[in-house]
Amino acid sequence: MSYEILTAKLFWKTAFNNKAVFLLTLFIGVLLVYAAYSGWSNFKTQNEIRAKYQAEARKDWLSNPDKHPHRMAHYGHFAFRPKAPLSVFDFGMESFFGSMIFLEAHKQNTVNFSEAGFSTGMLRFGEISIAMILQVLLPLLIFFIGFGAIATERQNGTIKILLSQGLTWRSLLIGKSLGIIAVVMTLFIPIIITMIFLYLGFQENDFSKDEIFRLLLIIVFYFIYLGIFCVIAVLISAVSKTSKTALTSLIGVWLFFTIVLPRASQALGSSIYETPSKAKFTSAIQKDVLKFGDSHNPNDPYYKKLKDSLLAVYKVDSLKQLPFNYGGYQMREGEKISANIYNQHYNQLLTIYEKQNSFSKAMAFINPFMAIKNLSMALSSTDFASFTDFQKQAEQYRYHLAQEMNELQMKYISNEAKGSSDKKHILDKKHWGEVEEFVYKASSISLVFKNEWISFAAFLFWISLLTLLVIKLSKTLKAI
């Protein structure tokens, strides 16, 4: 048996002889059980509520009586965003996102009903999820376990004895790291097994290859993440003269990684790339729309010119002679213009957000916590990209719904209708069922690779860096 394995076994046996380590491990284990249960309960409850109200919204849409199709376009519909199965593991930004959006003609509404909107300010300090415990608390436990891995033996003088018996620094560093990893696995393996069973329970025999691949990547990269902290703990312990110095240094590293650097990078990104207020954003869109005119006003200069061009093309003298309803045509053109303008402004806003987030992503090369946080949210579909994907799908559905009502108006509503009470102005309600229900389609994992390539690269960087440090320190470390 190699020196590395023997060293790891000895460390694993002695680690749990420390009552403080045992109690701290037990405490984190209880927290993990609670986080798994609360994540499962929240997922089940929220998805049941959202599915229920999505079905009720569809029922209300279909139960509308005969009416003018443009009134149906303004009656609108609702789109609910289902929670992703892996959100049980990592809540991510889920609580700060809305879950429902009202869809209507000519207007793009914001997503509403986020959990943060109904919570106290304590939510900003984070929620207890499995991911949060693995990202924040387990590294602290690792540092508490590993601070004396080598520093204590240096103080006791046992390193000289070990080295004199043929043990090399390289074997000692690797063995101690493996020992800490073995201790951490007593928590990591059970929670991963629990998470797999929870995931399988949600699928109801409808397994998605995409979701399974996401789950496997989560397991692999969290193992790498925890392994990185185990090696950091051993290396700092190895270069410290005393265990007290090692503990102080490791606590400082933990605070820097999990609190200081994440907040600093977010604040820096927001200060450099400022986003417009909601009022300013909406005002800019309305201002650009008004440049084209009011689609509800047939005498508007832009639409009057459009009307005259149509009369000329069809060689008729009045709107009544057109082979389609002109009001529907005008609404269709107005919807197209306003949607294009909104999409332009929305994409500009997303570009600003992406620039802000680029700071956090770049920090992954300095801070492994940022790498796992961004990657974990992306794989769990609880990141900003997943939220904007829902918004885009909802907007596409809204546009399709409005334009389908306009098409129905053009095809079935007569130009000779005298008013809203005229039968020629009303459409049979059977046409409402022609509009398909909104169904959110989860994004592919390819989007994760596209958006989070920096996080993948950062993990490769950290593995390479720590490997080089182990090799270099193995040659330069002293027993005293």
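Small disclaimer: the values here were computed from a predicted structure and weren't measured.
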Inset, instruction - For a side chain to side chain donor-acceptor pair (under 3.5 Å) with Ser381, tell me which candidate from Glu211, Arg214, Lys83 qualifies. - result: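 Single side chain to side chain donor-acceptor pair (under 3.5 Å) partner of Ser381 among Glu211, Arg214, Lys83: Arg214.
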
Legend entry - Sole residue of Lys67, His74, His68 in side chain to side chain donor-acceptor pair (under 3.5 Å) with His70: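 Exactly one pass, corresponding to His74.
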
Could you tell me whether [X] and [Y] have their ring centroids closer than 6.0 angstrom?
| X | Y | result |
| --- | --- | --- |
| Tyr222 | Phe89 | yes |
| Phe221 | Tyr225 | no |
| Phe456 | Phe449 | yes |
| His77 | Phe102 | no |
| Phe97 | Phe390 | no |

Can you tell me how far apart [atom1] ([X]) and [atom2] ([Y]) are? Round to the nearest 0.5 Å.
| X | Y | atom1 | atom2 | answer |
| --- | --- | --- | --- | --- |
| Met363 | Ser358 | CE | OG | 9.0 Å |
| Phe257 | Met370 | CZ | CE | 12.0 Å |
| Ile28 | Leu141 | CD1 | CG | 4.0 Å |
| Phe143 | Ile251 | CZ | CD1 | 10.0 Å |
| Trp432 | Glu404 | CH2 | CD | 10.5 Å |
| Glu335 | Gln330 | CD | CD | 13.0 Å |

Legend entry - Donor-acceptor under 3.5 Å (Ser87 side chain, Ala84 main chain):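 Yes, because the side chain of Ser87 sits within donor-acceptor range (under 3.5 Å) of the backbone of Ala84.
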
Inset, instruction - Say whether, by atom type as modelled, one donor and one acceptor occur between the side chain of Trp254 and the main chain of Val136 under 3.5 angstrom. - result: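 Yes, because the side chain of Trp254 sits within donor-acceptor range (under 3.5 Å) of the backbone of Val136.
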
Inset, instruction - Start with the C-alpha gap between Gln54 and Met100, add the side-chain angles, then the distance that decides, and say whether side chain to side chain contact (heavy atoms under 4.5 Å, CB included) holds. - result: CA-CA 9 Å; Gln54 186 71 72; Met100 181 277 295; over 6 Å; no

Between [X] and [Y], a side-chain donor and acceptor under 3.5 Å:
| X | Y | answer |
| --- | --- | --- |
| Glu354 | Asn357 | no |
| Ser386 | Asp383 | yes |
| Asp389 | Gln393 | yes |
| Asn325 | Gln409 | yes |
| Ser444 | Ser446 | yes |

Legend entry - Glu94/Arg81 salt bridge by N-O under 4.0 Å criterion: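 Between Glu94 and Arg81 there is a salt bridge, with a charged N closer than 4.0 Å to a carboxylate O.
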
Inset, instruction - In plain terms, say whether Lys59 and Glu56 are close enough for a salt bridge, that is, a side-chain N and a carboxylate O under 4.0 Å apart. - result: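 Looking at Lys59 and Glu56, the cut-off is not met.
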
Inset, instruction - Give the C-alpha distance, both sets of side-chain angles, the deciding distance and a yes or no for side-chain hydrogen bond (donor to acceptor under 3.5 Å, both in side chains) between Ser129 and Asp90. - result: CA-CA 6 Å; Ser129 66; Asp90 190 343; 4.7 Å; no

Can you find a pair of side-chain heavy atoms, one from [X] and one from [Y], that are under 4.5 Å apart?
| X | Y | answer |
| --- | --- | --- |
| Glu434 | Leu408 | yes |
| Met331 | Met405 | no |
| Tyr346 | Gln391 | yes |

Inset, instruction - May I ask you to decide if the ring planes of Phe188 and Phe223 are parallel, tilted or perpendicular, using 30° and 60° as cut-offs? - result: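 Answer is tilted, since the angle falls between 30° and 60°.
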
Name every donor-acceptor pair, under 3.5 Å, that has one atom in a side chain of residues 189-198 and the other anywhere in the protein, sequence neighbours excluded.
residue: Thr194; atom: OG1; partner: Pro190; partner atom: O; Å: 2.8

Inset, instruction - Show the numbers, then the answer: is there a salt bridge (charged side-chain N to carboxylate O under 4.0 Å, His left out) between Lys291 and Asp288? - result: CA-CA 5 Å; Lys291 289 180 181 178; Asp288 285 349; 3.5 Å; yes

